[in-house]
Amino acid sequence: MPTPRVSKSFLSLLFQVLSVLLSLLGDMLVSVYREVCSIRFLLTAVSLLSLFLTALWWGLLCLVPPLENEPKEMLTLSEYHERVRSQGQQLQQLQAELDKLHKEVSSVRAANSERVAKLVFQRLNEDFVRKPDYALSSVGASIDLEKTSHDYEDATTAYFWNRFSFWNYARPPTVILEPDVFPGNCWAFEGDHGQVVIRLPGRVQLSDITLQHPPPSVAHTGKANSAPRDFAVYGLQVDDKTEVFLGKFTFDVEKSEIQTFHLQNDPPMAFPKVKIQILSNWGHPHFTCLYRVRAHGTRTSDGAGDSATGGPH
């Protein structure tokens with residue numbers, strides 16, 4: 001019987017289609033349910049966050065107004081004026097302390113400026129010697145060129161140009177009577193033996209001789225080997241021939257650039273001239289430099305010191 005077979009096959013096919021449709025419908029329902037659940041969760045989270053923010057906002061609104069109103073509630077007008085007056089007094093005290101500090105700083109600065117000015121003035125005018133200088137051209141001292149060594153002449157350099165006086169770099173012996181002491185501004189004579197005779201502005205009872213030479217630290221060569229080392233001092237009598245020995249000394253370049261030596265003039269005698277005889281220098285093979293020579297003592301009248309005698313030495 002063919003008819004039942006066809007119906008059975010048709011029914012089986014129909015059941016298979018229905019089962020597929022039901023499975024698709026179930027999957028769709030599950031997907032829809034999941035979507036609904038995720039949206040619900042999201043809505044729930046947004047709702048909770050909104051509630052939290054709302055509660056936080058109300059809390060802030062409840063807390064801020066008391067803080068803003070607290071000074072208005074605590075300070076009255078009289079208290080405010082009292083606080084302003086107290087702060088004004090503190091400012092006045094601070095201003096007074098600042099004025100006092102300014103006066104103290106000004107006084108200290110003025111004292112230091114005055115002290116520095118005195119030191120500079122003393123350095124420029126006295127060089128810390130604190131003795132009158134009679135070997136100074138501005139007070140009348142001069143050089144006796146006939147009794148003074150010849151200037152150093154370097155035959156190897158600038159020989160031609162030195163023939164013209166306006167290009168002559170060599171300094172005359174009168175430079176030792178000037179207060180301008182700087183490297184190169186000196187009188188040089190040949191070798192390590194020489195002498196210079198200074199004509200004083202009057203008769204002077206000599207007590208000290210000061211020699212000055214720049215230290216090696218300011219020299220362009222870094223050394224002072226052209227400085228005089230051993231030297232002797234003589235006082236010349238009125239006859240311009242008799243010499244009185246006043247002492248032999250050593251100028252030490254390792255010490256101060258200004259060195260004063262006490263003369264052996266006892267009993268004191270007055271001289272119109274003084275001779276500085278250089279016996280050696282500090283090693284320069286060609287010449288010796290003299291920068292400044294100062295003669296100290298007491299100036300006497302023209303008739304004083306005539307009885308002073310002394311043989312040549």
Side-chain angles (χ1 to χ4, degrees), residues 129 131 133-137 141-153 170-178 181 185-214 224-266 268-297 305 308-313:
V129 176
K131 295 179 183 292
D133 179 17
Y134 293 100
L136 194 62
S137 61
S142 59
I143 299 295
D144 188 345
L145 296 177
E146 294 181 357
K147 297 181 179 295
T148 299
S149 300
H150 295 290
D151 301 346
Y152 172 71
E153 294 183 1
R171 305 294 294 160
T174 54
V175 74
I176 69 174
L177 308 180
E178 301 294 337
V181 177
N185 190 39
C186 65
W187 171 60
F189 59 86
E190 188 172 359
D192 58 356
H193 287 73
Q195 67 180 32
V196 59
V197 176
I198 301 174
R199 187 182 295 108
L200 302 175
R203 299 185 184 183
V204 180
Q205 293 180 355
L206 296 173
S207 61
D208 303 275
I209 286 289
T210 297
L211 264 62
Q212 181 175 357
H213 194 283
N225 56 355
S226 64
R229 184 169 184 171
D230 298 321
F231 67 97
V233 181
Y234 297 89
L236 274 66
Q237 291 288 3
V238 182
D239 59 7
D240 210 19
K241 295 180 180 180
T242 304
E243 298 180 354
V244 177
F245 178 74
L246 299 179
K248 181 181 177 182
F249 311 96
T250 299
F251 182 85
D252 191 352
V253 293
E254 299 297 332
K255 295 182 180 179
S256 173
E257 62 177 293
I258 303 174
Q259 300 178 30
T260 301
F261 307 91
H262 185 66
L263 300 177
Q264 303 168 11
N265 190 12
D266 190 20
M269 294 180 288
F271 304 98
K273 297 180 180 180
V274 59
K275 182 176 79 171
I276 311 297
Q277 185 176 19
I278 307 301
L279 305 176
S280 63
N281 62 19
W282 283 91
H284 200 287
H286 302 298
F287 58 84
T288 302
C289 286
L290 277 181
Y291 275 84
R292 188 179 178 187
V293 177
R294 278 174 271 193
H296 311 294
T309 60
H313 294 269

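Taking the six-membered ring where tryptophan is involved, the planes of Phe231 and Phe249 are tilted, since the angle between them lies from 30° to 60°.
Under the rule for a side-chain hydrogen bond (donor to acceptor under 3.5 Å, both in side chains), the partners of Thr210 that lie at least two apart in sequence or sit in another chain are Thr260, His296. Applying the ring-ring contact (aromatic ring centres under 6.0 Å, His included) test to Tyr134 and every residue at least two apart in sequence or in another chain returns nothing. Residues satisfying the ring-ring contact (aromatic ring centres under 6.0 Å, His included) criterion with Tyr291, sequence neighbours excluded, are His213. Residues forming a side-chain hydrogen bond (donor to acceptor under 3.5 Å, both in side chains) with Asp208 (at least two apart in sequence, or on another chain): His262. Residues passing the ring-ring contact (aromatic ring centres under 6.0 Å, His included) test with His284 are His286, Phe287, sequence neighbours excluded. Every residue meeting the side-chain hydrogen bond (donor to acceptor under 3.5 Å, both in side chains) condition with Arg199, not counting sequence neighbours, appears here in chain and number order: Ser142. Under the side-chain hydrogen bond (donor to acceptor under 3.5 Å, both in side chains) criterion, Thr288 pairs with Asn281, sequence neighbours left out. The side chain to side chain contact (heavy atoms under 4.5 Å, CB included) test applied to Ser137 returns Leu177, Glu178, not counting sequence neighbours. For Asp239, the side chain to side chain contact (heavy atoms under 4.5 Å, CB included) criterion is met by Gln237, Lys241, Thr242, not counting sequence neighbours.
Annotation: salt bridge (charged side-chain N to carboxylate O under 4.0 Å, His left out) contacts involving residues 268-286, sequence neighbours excluded, comprise Asp144-Lys273, Asp240-Lys273, Glu243-Lys275. For residues 278-290, no pair satisfies salt bridge (charged side-chain N to carboxylate O under 4.0 Å, His left out), with sequence neighbours left out.
Within the 4.5 Å cutoff, side-chain heavy atoms of Asp266 are placed close to those of Pro268. Side chains of Leu290 and Pro228 form a contact here, defined as non-hydrogen atoms less than 4.5 Å apart. For the pair Leu236/Val274, no side-chain contact is recorded, criterion being any heavy-atom separation below 4.5 Å from C-beta on.
Note that OG1 of Thr174 and CD1 of Ile198 are 11.0 Å apart. Values are rounded to the nearest 0.5 Å. Expressed to the nearest 0.5 Å, how far SG of Cys289 lies from CG of Asn225 amounts to 9.5 Å. Atoms CD and CG, on Glu257 and Leu211 in that order, are 12.5 Å from each other to the nearest 0.5 Å. Of the inter-residue distances, the one linking Gln277 atom CD with Ser149 atom OG reads 8.5 Å to the nearest 0.5 angstrom. One distance of note links OG1 of Thr250 with CG of Asp252; it measures 8.0 Å at 0.5 Å rounding.
Pairing each heavy atom of Asp133 with each of Ala295, the nearest pair is OD1-N, 3.2 Å. Looking at every heavy atom in both residues, Val253 comes nearest to Gln259 through N-NE2, 4.4 Å.
Among the candidates Phe271, Tyr234, Phe261, the single residue satisfying the side chain to side chain contact (heavy atoms under 4.5 Å, CB included) test with Leu246 is Phe271.
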Run the side-chain donor-acceptor check on residues 187-196: report pairs under 3.5 Å with partners two or more places apart or on a different chain.
| from | atom 1 | to | atom 2 | distance (Å) |
| --- | --- | --- | --- | --- |
| Trp187 | NE1 | Asp151 | OD1 | 2.7 |
| His193 | NE2 | Leu279 | O | 2.9 |
| Gln195 | NE2 | Lys147 | O | 2.7 |

